[in-house]
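Residue numbers begin at 1 in each chain, while the letters A, B, ... track the order of the sequences. What you see below is based on every heavy atom in this structure, not just the backbone, and it leaves out hydrogens, waters and symmetry mates.
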Amino acid sequence: MTSATDLVRDEWLWGWDPTPGIVSVYASQDGRASVWRRLAETDALVREEERFRPWLLVAHLRDLALLGARLAPDDAPRHRNDPLVRHRELSGSGALRHFVSARDGRRLVAALLDGASRRLQTPLRHLSQLQRLEPGTVLALPPEEQYLVATGRTYFQDLAFDQVHRLQFDLETTGLDARRDRIFMVSIRYHTGETAVLEARDDGDAGEADLIRTLVARVGDADPDVIENHNLHGFDLPFLDRRARILGVPISLGRAGGPGLRMRAARHGVSESDRPDWSDPGSRQRRVRFVAPGRELIDTLDAVRRYDFSTRELPGHGLKAVAKHLGIARAGRVYIPGSEIYTTYRAEPDRVRRYATDDVEEVAALSRMLGGAAYALARMVPRRYERLADAGPATGVIDPLLVRAYLRAGAALPAHEQGDGTPHSGAALHLFASGAAHRVVKADVASLYPSLMRVYRIGPARDRLGVLLALVDRLVERRLLAKANARTAAPGSAEQHTEEATSAALKIVVNSAYGYMAAGGLTRFADVHAANEVTRRGREVLALMCRELAARGVTLIEADTDGVYFAVPENWTEADERRVVGEVAMLLPRLVQLEFEGRYAAMLSHEPKNYALLGYDGTLLLRGVAFRSSRAEPFGEAFLRRAIRRALLGDTAGVREIYLATIDALRNRTLPTHDVSSLVRLTKSPEAYQTARATRRELPYEALLAAGREQWESGDRIRVYRKRNGEAGLVSGLVAPGDDMGAAADPRDYDAEFYVRLLRTTYAERLARAFGPEDFATLFADADQYPLFAYPLESIHTVLAPTGASLTNWDESLEPAQGG
DNA sequence: TCAATCCGGGG
DNA sequence: GTGTACGGATTGA
């Protein structure tokens, strides 16, 4: 049965106006809003011009009192002369308790600033000045958000992701510097799936200007709802804007507003142009993103970051790497290193045309796969779709939901408040044992913090309507529904993508509810006490899990926040492992679900958050800074992987064999130079290094100079090594990222003894915890220093040593809860 | 060696 | 008018 309370809570999550198909909103302070809707049945686009009453929340009315009779209560009888400003007092104790509105928001703000200027006896021309002088006394949203909050509308209702018209375009340029380099090609992909390649007819101003004009015309003709690209806001739009300004080409990518690209302040934006900000001289460069009224500008890089935030599986965030990883790269996809694109174009234009087309097609596929998260959020949150695409979950998603809910309830909102100085306490991290463990199990609690908030009803003290907890409850339920829907939807269908994306988006929001409370004075309802109560309960639960697992005969290894690694006795089966996890799960509070996350043949526990896991299928997983570094010499990394595997398999003789073989390979120079080299990124230009060289010499640059290479760019990556004579060596010149050159002319003149020492001191050292000190010394003794009295290697076994961390000296205790 | 700081991406 | 990541690599003391 659906109660009235349930309906209210649904409004908190979804808004209350069912208007379908909104694909873009553009509003201005004068109270006019343009709403573009895509009709699902006919695919037609309609534009509706609306009027709304711009509004503000203020802490007091004294600055508006000067208006006299032109300030009137909302419920005052209407006369022919509408008062300039209407006001309504909101209920409750929040500081922002006066809702004020006017036909024209500019006059509302002007009246407020006029009053404040007189009261403070200082001229104020902008709301931000008042907000700086008196923080927390005014809440002013961008016009579109005022409109969406007031109407209860949201984007994309009853419209599937694939019904939105999306266009992708990608610039190919002669370089990365828009002051100097040019656009020579643009690839476009239309909503229909058709693609086009536009090219400059010559390499002068006229050709480039024409190319820009053609791009703008094509966008206007196709009239998409959404424009997409990878790093659109970080590269393509700023580059396009700059080139158009330099060439004097007026451009507009929107459906409304005048010529030129508009900007908005944005944290993840690019620094505004290099000219000084004359409107506010003392300020540092603000960061901006471009806006095209009537269209949503979506950067797939944002979607990738959001996705990787929860999965943490992407090798990088570049388009090519992500497309490959997600399996959407075309077979035979053309790859050209960025710095070679223009030169390749001069020699093989067709290859670059194909490359640019591959780019837009990958962006379209990527957006379809990952873009649904922001799309799903836009159906709930009263903000523009493009704002939700790059919004942080706390202030970007949760806060607007809270603001809308409070206003809907007619309740006053609290202002941001600094904490009372109570420090924030974090999660528990314990290393119980280090060394080599066998039969290892990982158990963890899914979404621990939101679950604790729900179980113990921990919400911000100032959230007297209980909106945050209600939202978390609703979002968790909605997420479970989305997951179920995704399972039953046709594989690959738009519905499945959308449901999966919804689930992913909701997970992010749910998990950030805790972060919202813990965010100091940065969020409106921040509550460090509530946040600390969540982490305290979390530490309790972790302690309980550890104690109860240990009581069932396992050996604890490491516990971190919401999960624990432990080893089980030799005779246990997987069923036994699952049984103890299940038993302990029953002891935890309702909604706190302990899950069997994985099982491993063995684990090398090195330091907290630094370990190696050997799967039953033979895969070796290395975690933590001690085990992975991009600068690590390939021979050392290879040694480490092989030696850890042998050690975890109990093959001690094999460990020594690998060690000795590696030393031999170094001394006999059977290892290519590449394997002893280190990959470094250059940060100094040739000029900068020449000036710094007098005071301090650096190996990478010396390697370049010694190799006769005088030209390089900051950001280039090279492989360097140490030569026999102590000089710096360079491996096969400049290396593009992710690209290891083959062994062309390999002199193999590296300092073998230096690398033998490195093997012992930095690489073998990572295995020290797995053996007793004497055994370790024996195992990694040099061949000629091998002790005569040495015992057989077969008698050396790996060890797992307790670190001394124990459950009894934990300051928290929790009795097992009843039921599960 | 450790702790602040920067970076991620685009041609 | 923004938005509080995070883990690795680099830089500075």
Side-chain angles (χ1 to χ4, degrees), chain A residues 126-129 131-132 138-143 145 170-178 180-185 229-240 263-270 280 283 286-289 299-302 304-306 308-310 312 314-322 336-345 352 355-356 359 363 387 390-399 416 508 511-512 515-516 518-524 526 609 623-632 678-684 696 698 700 713 715 717 736-737:
Chain A
H126 212 271
L127 264 185
S128 61
Q129 294 172 297
Q131 282 165 325
R132 214 168 302 147
V138 186
L139 168 68
L141 298 182
E145 294 176 26
D170 185 47
L171 306 183
E172 302 304 330
T173 67
T174 59
L176 292 171
D177 185 350
R180 186 185 71 207
D181 300 311
R182 290 186 187 279
I183 305 167
F184 68 89
M185 179 185 286
N229 196 20
H230 203 67
N231 207 13
L232 177 73
H233 286 289
F235 179 72
D236 298 81
L237 291 175
F239 201 102
L240 180 64
M263 285 178 257
R264 66 174 223 256
R267 187 64 175 164
H268 300 290
V270 291
D280 187 0
S283 80
R286 68 176 191 149
R287 300 173 77 79
V288 295
R289 282 194 167 195
D299 193 331
T300 45
L301 181 56
D302 292 324
V304 164
R305 286 183 178 142
R306 179 175 270 160
D308 199 33
F309 183 77
S310 46
R312 294 223 203 113
L314 294 177
H317 293 170
L319 176 63
K320 281 77 174 170
V322 176
I336 306 172
S339 55
E340 292 166 26
I341 288 173
Y342 187 55
T343 46
T344 307
Y345 177 65
V352 177
Y355 166 84
D359 269 6
V363 168
R387 286 290 299 109
D390 76 312
T395 52
V397 177
I398 292 180
D399 206 58
H416 288 71
I508 294 166
N511 286 335
S512 63
Y516 182 93
L522 301 166
T523 49
R524 184 172 305 282
K609 293 180 189 273
R623 287 259 169 81
V625 282
F627 292 116
R628 34 196 323 177
S629 156
S630 71
R631 285 172 45 146
S678 177
L679 186 65
V680 295
R681 172 181 250 119
L682 302 175
T683 54
K684 295 188 172 86
R696 194 155 60 104
E698 295 175 55
E713 275 183 52
R717 303 184 119 216

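Heavy atoms of A/I336 sit nowhere under 4.0 angstrom from any nucleic acid atom. Using a 4.0 Å heavy-atom criterion, one finds that A/L232 contacts no nucleic acid atom at all. Residue A/L176 is classed as a base contact, given a heavy-atom separation below 4.0 Å to a base. Heavy atoms of A/S128 sit under 4.0 angstrom from at least one base atom. Within 4.0 Å (heavy atoms only), A/D299 reaches no atom of the nucleic acid at all. Counting any heavy atom pair closer than 4.0 Å across all strands shown, A/N511 reaches no nucleic acid atom.
Counting to the nearest Å, the C1' atom of C/dT2 and the CG atom of A/L139 are 14 Å from each other. As rounded to whole Å, 5 Å separates atom C1' of B/dG11 from atom CZ of A/F235. Across the protein-nucleic acid pair, A/R182 atom CZ and B/dG10 atom C1' stand 20 Å apart, rounded to whole Å. Taking atom CZ of residue A/R305 and atom P of nucleotide C/dG8, one finds them 17 Å apart after rounding to whole Å. Per the geometry, CG belonging to A/D390 stands 17 Å off P belonging to B/dG9, to the nearest Å. Taking atom CG on A/D236 and atom P on B/dG11, their separation rounds to 7 Å, with Å as the unit. Between the CD1 atom of A/I341 and the P atom of B/dG9 there is a distance of 15 Å, rounded to whole Å. One can place NE2 of A/H230 at 13 Å from P of B/dG8, the figure rounded to the nearest angstrom.
An OP1 or OP2 oxygen of C/dC6 is reached within less than 4.0 angstrom by no side-chain nitrogen or oxygen of A/R306.
To the nearest whole angstrom, the two C1' atoms, one in C/dG7 and one in B/dG11, are 27 Å apart. Between C/dT2 and B/dG8, the distance separating the two P atoms is 25 Å to the nearest Å.
Checked against ring pair (Phe, Tyr, Trp, His ring centres under 6.0 Å), A/F239 has the following partners two or more places apart in sequence or in another chain: A/F235. Listed by chain and number, the residues in a salt bridge (Lys or Arg N to Asp or Glu O under 4.0 Å) with A/D236 amount to none (sequence neighbours excluded).
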Verify side chain to side chain contact (heavy atoms under 4.5 Å, CB included) between A/V363 and A/D170, making sure each step is shown before the conclusion.
CA-CA 9 Å; A/V363 168; A/D170 185 47; over 6 Å; no
Apply side chain to side chain contact (heavy atoms under 4.5 Å, CB included) to A/H233 and A/D390, showing your working.
CA-CA 10 Å; A/H233 286 289; A/D390 76 312; over 6 Å; no
Where do A/D181 and A/Y342 land on the side chain to side chain contact (heavy atoms under 4.5 Å, CB included) test, with the steps shown first?
CA-CA 11 Å; A/D181 300 311; A/Y342 187 55; over 6 Å; no
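Here the side chain of A/L301 is nearest to one of B/dG11, B/dG9, C/dG3, namely B/dG9. With B/dG9, C/dG1, B/dG11 as the candidates, the nucleotide lying closest to the side chain of A/H126 is C/dG1. Residue A/P142 has its side chain nearest to C/dT2 when only C/dT2, B/dG11, B/dG10 are considered.
Judged by distance alone, with hydrogens and angles left aside, the side-chain atoms of A/D299 form no donor-acceptor pair with the main-chain N or O of A/H230 at under 3.5 Å. The backbone N or O of A/A391 lies less than 3.5 Å from a partner atom in the side chain of A/R306, making a donor-acceptor pair.
Considering all non-hydrogen atoms of both residues, A/A140 and A/L127 come closest at CB-CD1, 3.7 Å.
Taking a pair as Watson-Crick or G-U wobble with both distances under 3.5 Å, the runs of three or more consecutive pairs in DNA chain B are B:1-8 with C:6-13.
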